[in-house]
Amino acid sequence: MSADPSRVLVVGGGIGGLTAAIALRQGGHSVELVEIREDWAVTGWGLSLTGPALRALDTLGLADRLIDLGYGITTIANCDSDGNLIAEVELPGLLGPGRPAQAGIARSELTRVLRDSAASHGAVLRTALTVAQTVENGTSVTAVLSDGTTRDVDLVVVADGAGSKTRELLGIDVTPAYTGQMVWRAVVPRPAWADRLFTFFGPGDNAGLIPISAAYAYCFLTENLPTPDVLPDDELADRMRERLRPFGGRVAEVRESIRKPEDVVRRAVNTVLAELPWNAGRVVLVGDAAHTPSPQLVSGAALAVEDAVVLAEELARTPDVLEALDAFGRRRHDRAALVVEASRRVARLEQAGQQTEVPGLLGRTHGALAAAI
Ligand SMILES: Cc1cc2nc3c(=O)[nH]c(=O)nc-3n(C[C@H](O)[C@H](O)[C@H](O)COP(=O)(O)OP(=O)(O)OC[C@H]3O[C@@H](n4cnc5c(N)ncnc54)[C@H](O)[C@@H]3O)c2cc1C
């Protein structure tokens, strides 16, 4: 049985922070969220919500809305570089009959829905603000914010992403590890045949296409590169088309629609896995700040939403916040480690030219993630 509702400060307004705000408000806690950016603009195009992500979003009452806004997916088509089908895999549905196993969605749509939901549940959302310091007081924690104001709260939830600075403030020592890969994403008009998730195994790089709405899909490409670099923004579309040149068939068709540099993002892939404890006193890590898998597992958002749900459940179970945080970390660590470690193995296989082993590893990992959280 939980005690009186707690006062919670959430740091970071991404998927993890916003879903934590929703879950904690639904649990009756008061929530203020601070986001360091000046506005809510999102970078990146599309995102796949896997079965576990949809299942966790369903407990927040949001899955159907997001599926409607996105594009429901039930099948993965694994193809060679010319688009010839190697194997088709039916994805296990975790939401029950009549609902898709996964959904592709534009990131901007996803975060807009999460933000609206958090605000309509009564969370206070503030931008251009971060936490500068936290001081434990025994029965509460004082957070000093970047505008000089302070908050005396029962819990601080740190959801400031893979490059978390707040994690450093807590003395939780994790250095993001570069996997030796860069990922590319480009939003493209959805071809009529793109009614499922396509992956294309190229001679060096892997590519794929994921529908995110009736009108759009995103094309992804994984590039092996020992040392990460940064390309000029205005060259991104040309460079991505160039890297997709070894592919034929369907990729060649999609490639030609990548024309505007602003439709393309390219990122170095870093992974993070913080060892337990994930909390320092009443300050706890969630989402990418605690565990960042590489995008090939398409599960970072799923883990972040699950964290939010589990944190609210553990706070509902006991009036002792520290006990709840300990239970939260123990319930989440091994599942997050499974994903992060599998994603590191995928990166190694791809770099060793053993791409054909990747679908099996992905299938086994997604199978394990179907287990209840
Ligand atoms: C290219 C790419 C593709 C991906 N594709 C998928 C996919 O298809 N499916 C999937 O499940 N996952 C995917 N992921 C992973 C997914 O995006 C992340 O796991 C997820 O966004 C984590 O959410 P988060 O809220 O923990 O962190 P973030 O999304 O990084 O959000 C952190 C937020 O905190 C803010 N912030 C940062 N520092 C501070 C501070 N000091 N104070 C206050 N606010 C701060 C940031 O501005 C941001 O809004 C992908 C990742 C990448 C890089």
Side-chain angles (χ1 to χ4, degrees), residues 9-21 32-54 56-57 66 70 73 102-107 110-111 114-115 118 125-134 143 145-147 156-170 176 179 181-186 197 208 210-212 218-223 264-272 274 285-308 336 339-340 343 366 369:
L9 177 71
V10 178
V11 183
I15 297 166
L18 288 168
T19 51
E32 180 175 3
L33 179 151
V34 293
E35 161 60 46
I36 199 166
R37 285 176 309 176
E38 301 277 332
D39 59 33
W40 295 102
V42 292
T43 52
W45 288 109
L47 191 106
S48 294
L49 296 171
T50 57
L54 289 177
L57 287 160
L66 293 168
I73 298 169
Q102 291 197 7
I105 190 164
R107 270 184 191 260
L110 171 64
T111 48
L114 298 181
R115 215 168 51 241
L125 309 180
R126 299 189 198 283
T127 52
L129 205 54
T130 186
V131 67
Q133 198 188 356
T134 59
L145 302 189
S146 49
D147 63 358
V156 178
V157 176
V158 172
D160 58 351
S164 172
K165 291 280 178 282
T166 316
R167 189 173 54 206
E168 291 167 20
L169 283 181
L170 303 182
T179 61
Q181 294 186 310
M182 309 290 294
V183 282
W184 297 73
R185 295 283 190 276
L197 192 166
I210 299 183
I212 55 172
Y218 73 87
C219 176
F220 66 84
L221 174 72
T222 309
E223 171 191 354
V264 182
V265 291
R266 179 177 179 265
R267 298 256 182 288
V269 180
N270 292 297
T271 61
V272 167
L285 301 181
V286 300
D288 271 15
H291 42 68
T292 314
S294 73
Q296 290 98 320
L297 264 287
V298 292
S299 293
L303 291 177
V305 184
E306 287 180 355
D307 281 354
V339 180
V340 173
S343 81
H366 287 301
L369 291 176

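Counting convention: from 1, in listed order, for ligands and their atoms alike.
Shown here are the side chain to side chain contact (heavy atoms under 4.5 Å, CB included) partners of Thr271, two or more places apart in sequence or in another chain: Ala177, Thr179, Ser294, Val340, Ser343, Arg344. Among residues two or more places apart in sequence or in another chain, the side-chain hydrogen bond (donor to acceptor under 3.5 Å, both in side chains) test is passed with Arg185 by none. Partners of Glu35 by side-chain hydrogen bond (donor to acceptor under 3.5 Å, both in side chains), not counting sequence neighbours, listed by chain and number: Arg37.
At distances below 3.5 Å, at least one donor-acceptor pair connects side-chain atoms of Ser146 with backbone N or O atoms of Thr130.
Note that CD of Glu306 is 10.0 Å distant from CG of Leu57, once rounded to the nearest 0.5 Å. Atoms CD1 and CG, from Ile212 and Leu49 in turn, are 11.0 Å apart once rounded to the nearest 0.5 Å.
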Expected rows: ligand 1 N/O, protein N/O, dist below 3.5 Å:
residue	atom	partner	partner atom	Å
ligand 1	8 (O)	Ser48	N	2.8
ligand 1	9 (N)	Ser48	O	2.9
ligand 1	9 (N)	Val298	O	3.3
ligand 1	11 (O)	Val298	O	3.1
ligand 1	11 (O)	Gly300	N	3.3
ligand 1	11 (O)	Ala301	N	2.8
ligand 1	12 (N)	Gly300	N	3.4
ligand 1	12 (N)	Ala301	N	3.2
ligand 1	17 (O)	Arg107	NH1	3.1
ligand 1	17 (O)	Arg107	NH2	2.8
ligand 1	19 (O)	Asp288	OD1	2.7
ligand 1	19 (O)	Asp288	OD2	3.4
ligand 1	19 (O)	Gly300	O	3.3
ligand 1	19 (O)	Ala301	N	3.4
ligand 1	25 (O)	Ile15	N	3.2
ligand 1	25 (O)	Gly16	N	2.7
ligand 1	26 (O)	Asp288	N	2.8
ligand 1	41 (N)	Thr130	OG1	3.0
ligand 1	42 (N)	Thr130	OG1	2.6
ligand 1	44 (N)	Ile36	N	3.2
ligand 1	47 (O)	Glu35	OE2	2.6
ligand 1	47 (O)	Arg37	NE	3.3
ligand 1	49 (O)	Glu35	OE1	2.6
ligand 1	49 (O)	Glu35	OE2	3.4
ligand 1	49 (O)	Arg37	NH2	3.2

